[in-house]
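Data block below; observations after.
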Amino acid sequence: MARKTKEEALKTKEAILDAATDLFADQGVSSTTLADIAKQAGVTRGAVYWHFKNKDDLLQALKGSLFEPFIE
């Protein structure tokens with residue numbers, strides 16, 4: 001299996017965050033699984049776990065990305 005470039009890895013991470021945002025808004029955080037997020041993003045569950053330890057880690061990343069424009 002070929003390794004992804006940093007740019008490809010960043011796109012994958014962004015796709016995961018976008019999918020999580022959509023699913024959390026539609027289904028709620030507690031009803032959304034990491035498998036749901038992976039499916040929505042078009043990646044494997046392993047890819048989700050490569051970028052995030054768990055759902056809480058993903059939520060923290062979302063929080064950071066959502067509030068970043070306001071902090072600047």
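Along the sequence shown, the residues carry numbers beginning at 1.
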Give the C-alpha distance, both sets of side-chain angles, the deciding distance and a yes or no for side chain to side chain contact (heavy atoms under 4.5 Å, CB included) between K55 and F24.
-> CA-CA 11 Å; K55 195 185 326 184; F24 290 161; 4.1 Å; yes
Working for side chain to side chain contact (heavy atoms under 4.5 Å, CB included), residues K13 and W50 | CA-CA 9 Å; K13 186 174 183 177; W50 174 260; over 6 Å; no
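How far CG of L17 is from CG of D22: 11.0 Å, rounded to the nearest 0.5 Å. For the atom pair CG of L34 and NZ of K53, the computed distance is 13.5 Å after rounding to the nearest 0.5 Å.
Proximity of a side-chain donor or acceptor of K63 to a complementary backbone N or O of L58 within less than 3.5 Å is not detected. With hydrogens and angles ignored, the 3.5 Å screen pairs no side-chain donor or acceptor of D26 with any backbone N or O of L23.
When the side-chain hydrogen bond (donor to acceptor under 3.5 Å, both in side chains) test is applied to Q27, the partners found at least two apart in sequence or on another chain are T32. T21 is linked by a side-chain contact (heavy atoms from CB on, under 4.5 Å) to L62, counting only residues two or more places apart in sequence or in another chain. With sequence neighbours excluded, no residue satisfies side-chain hydrogen bond (donor to acceptor under 3.5 Å, both in side chains) with T44.
The two atoms that bring H51 and A9 nearest to each other are CE1-O, 3.4 Å, heavy atoms only. What you find for A47 and I16 is that their closest heavy atoms are O-CD1, 3.9 Å.
Taking hydrophobic clusters as Ile, Leu, Val, Met, Phe, Trp and Tyr residues chained together by side-chain heavy-atom distances below 4.5 Å, L10 does not share a cluster with F52.
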